[in-house]
Every structure is written in structure tokens, then in C-alpha cells.
Amino acid sequence: MLTPDAPANIANWMSHGRNWGEDRFSPLAQINDGNVGQLGLAWFDDLATMRGVQATPLVVDGVLYNESIYNIVTAYNAATGERLWTYDPQVGAEWARLACCGPSSRGIAAWEGKIYIAALDGRLIAVDAATGQEVWTVQTFDRAEAYSITGAPRVYDGKVVIGNGGADYGVRGFVAAYDAATGERLWKFYTVPGNPANGPDGEASDSAMQIALPTWHGEWWRYGGGGTAWDAFAYDPQLNLVYIGTGNGTPHMWHFRSDGQGDNLFLCSIVAVNATSGEYVWHYQMVPEEDWDYTCTQPMITADLEIGGRTRQVIMQAPKNGFFYVIDRATGELLSAQNYVSVNTWASHIDRATGRPVLMPGAHNTTTPHLMSPSWLAAHTWHPMAYSPLTGLVYFSAQEQGDVYARAEDGEFTYVHHRSNSGQQRRNQPELRARLMEQARAEEKGYLLAWNPVTQSEAWRVPYRVPGSGGVLATAGNLVVQGTIDKTLAIYAADTGRKLWEMDIDQAPVAGAITYLVDGVQYIAINAGWGGSPVYNLGPFQTSTAKLLVFRLGASGVTLPPPPPPSSVPRPPFLTATEDMVARGRELYGENCARCHGPNAVGGMKDLRWMTAETRAAFADIVLRGTLADRGMIGFAGQLSEADANAIHAFLIARANEDYADASAHP
Ligand SMILES: O=C(O)c1cc(C(=O)O)c2c(n1)C(=O)C(=O)c1cc(C(=O)O)[nH]c1-2
Ligand SMILES: [Ca+2]
């Protein structure tokens, strides 16, 4: 059986992180630091969407499998770009509302002649890799709950492992494994406990809930509790362990979720489970008392490192909270942890003896607004990370991006099904809030970081203008490949960070690149489509559609279509609403709109500051009655009133007036 790790598989990119340890390091070196200057565009495919495309393509034996938005999968001849088949699972556009950051998927899985698609609406679908014909489909979650899937499935030992998202709305996270041949469910592992009155779930490997239960208080199960495994997994076939990265709690505010008590296992943890049974083996919790939408679903990489004169089997992660962790992957013991960005609002350090963060005074949320950096916007989020065993360095997109947090007053928080249930309030002390927000924006940084996991120190960095650059690939050609927020694809020397090659592509890829070999020729491929979490740094106008780009040495003659001319910035209407109404709109915007349209209404998949007069006239119809539902902007009539929509519009007009002079100067 040809596994992703097999040396015979050097030409392929068969699994999400290339191998089961997900190091995103390719031993291919035909394209290298000596000749990368000759890299040119070999072929591309226009994905015909303005949404972010986050998927890592796969390549198996000369066929490239790619996934666009709404889980549409296309197979290509990997050398020529000829389309072989397309499979569209027909995901309803309304599911985009339950995906915080767009209807994108981070990828697919391949195994024994099948391609596995984890659809946004919870279906796990196996299609024939040769024809794109559906083989089997199972529904992985209850469609009445606020779950969605954006993460890539993985196949380990003939089992398809898949998690889900939804902790920002209110669900109970779990991971399940299905027989890759038949779709039969083999195990299910909950990441947080359910209502203790209901007893164990006989269908799940539930023993770990006895460990988790004492760490929860109050009535968290009413809200689901969270802990969703929405992105990263890794697998060690010798230890027979599947590593699960878990997410934040629901509601975000610890005070409302768990009466402000307890660690709340297994939120923001790595949990190792037995690959055969789904039974708990060990856990390490990065963020006890989770209170900030910090997630530990970030990419995990296994490696064998020389630490203190011994070879250690480790798993590494750089989660949202800004610390880089090196953990023994057999036992879960913390070997080291060091901050890779400035973290001085959350924790001073991680105590080696207890493995716990030493929180800064004032880190936990109160009703007074305070600035947290890192914030939910993440010091590093799902963007693929790479590790080169040749340089011994880990490469990832790091950023310093704070945000203002304050929790609602007691009695002010009411849970609403299918809605963002953060437990925050965005009204108190608006002047303090505005000042902190300004400070956060002024302190923003984004860079490509090369990190030594043994010494826990920075090797080099490439600073960018702003946060928001993409995933990373490392190769034996001494290359590190990254899409940048400056709308380029860039390649750096893996040992020094020196820039070797860069191309304008009029798109800022957030996804990770891959590399593969067909008929002795090495290619580099990447999805270039900007969107997802830090959705606001590209400026008000994103111009080109998303594209799959494929490069090789010496390619010439293939050029991208010229970018459409930027549209001008429409002058916003005068602000006539009261301050109170704007404040109410700010709050509603933060709870309902910010995840897609950007914090503080900057950027997003549609920048709402720069609506045309026609869109403004139709605002309530769009927001409440879903007149743009076919584009994924579903109506919020169940959650918002006419007055709410007007308040949100007033807030957007206020924001547009604040920023108009700047935006019209730099369209
Ligand atoms: O709590 C969750 O279940 C959940 C899910 C997702 C997701 O599925 O994309 C994200 C997050 N949280 C999240 O916290 C986050 O920052 C985030 C960024 C992105 C993205 O696609 O860029 N997704 C998600
Ligand atoms: Ca989240």
C-alpha cells in the first residue's frame, strides 16, 4: 500500500500536509536556490470566484485534485492543466452563514482510488478518483445544529478522520472516523463533555469525559461548550495515535460558559487518541480557562529532534495564543514553549513544571474593555506551516493583531440558536474602546517567521506591510514558498530568508503551496484566492478572481489576464443617526457581521463601508430578507429586527465617513 510517507511517493503530494506528520516538506530539489529565478507560469485555472480559496491541492500519479469554494472538486492533468472531471456536491449557499470565515475548505483526502470531500454542510463524500463519480456519502453531524466543516479530511490506516467547526455559534465539538472503503462510522470522540444528566454517549469513546467533566461548571452544555476540531490533525503510524487540535469554547466568555471556573478540558488542547478505537490517550491543554476565542486547531507537525543530547519524538504547534510548543508526542509531556510574538497581555510565560501559562493580571475578560494581543485574530491561524529537516527550522506566517474584548454584564447575555454567541459587549466606554482599537491597529505586524524549535528562538523573519500573508511550503531545494499580502507569490532561501524570486499575481494567496513531479519535471502549485480570518488587509478593493496557479522552471508564454481597473470609492451618505444608534449598530455588527466583513468593517469578503447607493437602498432586504442569498449572504430575519438592520447600517455609514478621505486617496 502506497502511503503518503513512502519514499516511493516522492513525486506525489498525497495527503494534506504531504505526509502523516504534516511537515509540508518536499524532498524534491530540481527547483532550487540556484535556478529558481527561471520559474515561470506553466498553466492556471480561473476558479471564477471572489471568495477565499484555502485548499491544499493533492497530486497522485500525474493527476492534480483541487477544491474550490462550496467544495467543488476538479481533477486536472497535473502537467498540462487539462480538466479531467469536476464534482459539485451542490452545497446550499445558506451554509456560508454558519462558516465564520467563508464557504472555503482547506482540502480533500486521497486513498486507494478515491477522493474524500468533507462538505461545508457536513456530508463526507467519497468519489472515484478516476471519474469523479460518487461512491458513498454519509452525513457527519446533525444539520439542525450550527456545525459546518471547513477542514480537510485525512485518511489514516484506511480510516477517514474528520472534525467540524461551529464553536463560535454554539455546538459540542467532536471528531469521527469512517471506514474509507464503505463510509461506516468506526468511532466518535467528543472534545468537551455534554450534559452530565444524560450520562455517557454509548456511540462515542466517552471515557475521557470523566477527566473533562470536573473541569466544567455551570450549564455549558446548553451552549454546546465548543472545542471544535476545525482544522489540524496529525498521525503517527508507529504509536497508532491521531492528534487532534481543538478550538475555543462556546460562549467565548468563560464567565458565561463555566461560571468563570475550571480549565474546561479539552478546549484549546492537543488530544491524542488511539487511531483504531478513538479512545483517549493523552492531552496537553495550551489554554486553560479559555476566554478569548483562542484555538489550538493550528497546524501540528511531528518530527524527531535532538534535544539535550537525546532524540525526542515531538509534535510542534504555533497556536493562536502566540507561543510555540514542543511536546513529546508519545506522552504529551511539554518539552518547551516560547512566545514567538509579543504576548504581554495574555501570559508572561509557560511554567515548565506545571505546563500551564502564567496569566498576566487582567488577562481575563471583565465588563471593562481591554486590549488583547494576540486576539481571536491569531498570532498564527490555520495557514499551513512547514518544517525542513535540512535546516531544522519551522516556517509560518506570524502576525501581531490585537482586538478589544469586554464581556456583557450579568443578565445581559442570552443564548440565541445559530447565532454568534460570544458573550461580548461592544457598547461600554466607547472612548476607551476606540483608543485601544487605535493602539491595536498601530501595533499591527505581519511577517514570515523561521523558528528554531530546539533552541526556541527566531532564525530569521521577512516583515510584511501588514498581517495576512499565507501558508508555507519548504523544499529540499533550500526553498520556502509563500503567498504574500502584497499580491505576490514569493520564494525565499530556507536557510537565510533571502528573497530568491517573486511574481505579481494580483491575488494574495492564503493557502499553502505544494510541489510535485510529473515525467521528471518538478512543479509548484498554489490556490491564489484571498479570504478567511484576517480578511481586511488587502485594501478596500480586491480585483481579480481566485486562480489555481502552477509553475515550473523555464515555462513561458502563459500569462495571467490583466487585473480589472480598480473601481472608485463611492462617497458615503451623511451620518444622521444618533450616537446611541451607532453604538448599538457597532455591537450588532461585531456579533453578526464582523467575521465575514472584517473587524470594525474594514475589508472582508465585501467591504461594507463602500456600498453603492443601490446597495444602501436595498440594505434591509439584503440583511433581513436574504435577497443576496444566492451569493451566500443569507437573511437574518430570525435573528435581527428592522431596527437592528438600521442600526448596523448607521454604524457602517459612521465607519465610511471616518475612513473616506483615506480610502479615496488610495483606492
Ligand atoms: O470555533 C470554530 O469552530 C471555528 C471554526 C473556523 C472555521 O471552521 O473556519 C474558524 C474559527 N473557529 C476561528 O476561530 C478562526 O479564527 C478562523 C479563521 C478561519 C479562516 O477560515 O480563516 N476559520 C476559522
Ligand atoms: Ca473559533
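Whatever order the structure lists ligands and atoms in, that order sets their numbers, starting from 1.
The proximity of H252 to ligand 1, defined as any non-hydrogen pair under 4.0 Å, does not occur for either the backbone or the side chain. Contacts between D293 and ligand 1 below 4.0 angstrom, taking non-hydrogen atoms only, involve the side chain exclusively. If you look at T228 next to ligand 1, the close heavy atoms, those under 4.0 Å, all belong to the side chain.
Interface of Q54 with ligand 1, defined as ligand atoms under 4.0 Å from a residue heavy atom, comprises 20 (C), 21 (O), 22 (O). Residue T295 has at least one heavy-atom neighbour below 4.0 Å for each of these atoms of ligand 1: 14 (O). In the vicinity of G166, heavy-atom distances shorter than 4.0 Å reach the ligand 1 atoms 2 (C), 3 (O). Near G165, the atoms of ligand 1 lying under 4.0 angstrom from a non-hydrogen atom of the residue are 3 (O).
Metal site remark for the Ca ion (ligand 2): T228 contributes no N, O or S atom at a distance under 3.0 Å.
Among R426, Q424, Q639, Q425, the single residue meeting the side-chain hydrogen bond (donor to acceptor under 3.5 Å, both in side chains) criterion with E591 is R426. The only option from H364, R407, H252, R257 that meets the side-chain hydrogen bond (donor to acceptor under 3.5 Å, both in side chains) definition with D291 turns out to be H364.
In this structure, the side chains of L473 and W13 come closer than 4.5 Å at one or more pairs of heavy atoms. Two residues are said to be in side-chain contact when any heavy atoms from C-beta on lie closer than 4.5 Å; N339 and F324 fail this criterion.
When distances from the Ca ion (ligand 2) to the N, O or S atoms of D293 are compared, OD1 comes out shortest.
Distances between N or O atoms of A167 and those of ligand 1 include at least one value under 3.5 Å. Residue-to-ligand polar distances place T150 within reach of ligand 1: an N/O pair is separated by less than 3.5 Å. On a distance-only criterion, R106 and ligand 1 share at least one N/O pair closer than 3.5 Å. The shortest N or O to N or O distance between N248 and ligand 1 is under 3.5 Å.
Using a 4.0 angstrom heavy-atom cutoff, G247 does not count as in contact with ligand 1.
Side-chain N/O atoms of T150 and R106 include a donor and acceptor closer than 3.5 Å. Between the side chains of E400 and S342, no donor N or O sits under 3.5 Å from an acceptor N or O.
Note on ring orientation: taking the six-membered ring where Trp is involved, the planes of F266 and F189 are tilted (angle from 30° to 60°). Using bins of under 30°, 30° to 60° and over 60° for the plane-to-plane angle, the ring pair F413/Y223 lands in the perpendicular bin.
Both tests do not hold together for K320 against Y294: distance to the six-membered ring centre under 6.0 Å, angle to the ring axis within 45°. The cationic group of R461 lies under 6.0 Å from the six-membered ring centre of Y447 and within 45° of the ring axis, placing it in a cation-pi geometry.
Considering the Ca ion (ligand 2) as centre, the angle to OD2 of D168 and to OD1 of N248 is 140° (10° rounding).
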